[in-house]
Amino acid sequence: MKFFLDTANVAEIKKINTLGLVDGVTTNPTIISKEGRDFEEVIKEICSTIDGPVSAEVTGLTADEMIKEARVIAKWADNVVVKIPMTEEGLRAVHVLSHEGIKTNVTLIFTVAQGLMAMKAGATYISPFVGRLEDIGTDAYELIANLRNIIDFYGFDTEIIAASIRNLPHVETVAKLGAHIATIPGNLFPKLWGHPLTDQGIETFLKDWEAFNK
Ligand code: G3P
């Protein structure tokens with residue numbers, strides 16, 4: 001199970017990366033725009049900070065536009081992955097890019113059929129959106145489990161990045177269901193190791209130790 005950070009905040013990435021638990025980073029236009037920085041500059045900085053795949057998304061809507069953007073983005077760093085939206089044009093782009101050896105992350109996956117199409121087009125990663133499916137009352141976990149079964153059954157090389165992760169149960173459940181990766185917002189990451197009973201336990205142990213040593 002790999003953990004990616006779903007953020008473009010370099011300070012946040014650097015801080016969490018000192019734990020040695022970050023396997024990659026994902027961004028999207030919303031995440032990049034929050035930083036108020038130049039797209040290319042921030043992606044290059046993240047790529048040099050993290051020893052793993054870093055997703056940077058295209059904004060063109062036609063296959064030709066996406067391919068053109070992807071070829072430029074792919075030159076920014078060896079570990080960059082081009083994020084492509086799950087559309088008919090996106091699938092055309094992924095088909096071409098995969099033959100050029102450009103790694104892709106097909107994003108905004110909400111159904112098994114979409115995931116399967118992306119795998120067949122040659123996507124390196126697919127990103128099903130857990131939180132957004134829950135928002136509309138749809139079982140995101142069934143989607144993750146089904147996608148993993150399909151990958152294993154047919155032997156696709158594609159890896160699942162469980163995205164739109166918003167809470168601890170999301171992380172724990174997608175791990176149990178076989179998502180290869182969970183991409184986690186920076187503010188959620190510390191919740192993975194924290195528990196109030198751990199803090200209370202430490203406090204009690206230290207108090208007892210002090211009392212014993214008085
Ligand atoms: O990884 C995709 C993510 O950035 C979207 O999350 O919470 O906006 O649905 P959210």
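Counting starts at 1 for both ligands and their atoms, following the listed order.
- Comment: Lys176 does not engage Glu172 in a salt bridge, judged by the lack of any side-chain N to carboxylate O separation of less than 4.0 angstrom.
- Salt-bridge annotation for Asp135 and Arg166: present, with a side-chain N of the basic residue lying under 4.0 Å from a carboxylate O of the acidic one.
- When only modelled atom types and interatomic distance are considered, Thr107 and Ser127 share no side-chain donor-acceptor pair under 3.5 Å.
- For ligand 1, the protein residues placed under 4.0 Å by at least one non-hydrogen atom are Asp6, Asn28, Ile31, Phe129, Arg132, Ala163, Ser164, Arg166, Thr183.
- Side-chain atoms of Thr173 never come within 3.5 Å of backbone atoms of His170 as a donor-acceptor pair (strictly under, hydrogens ignored).
- Using cut-offs of 30° and 60° on the angle between ring planes, the pair Phe212 and Trp209 is tilted.
- Residues Arg92 and Glu88 are paired through a salt bridge, judged by an N-O separation under 4.0 Å between the basic side chain and the carboxylate.
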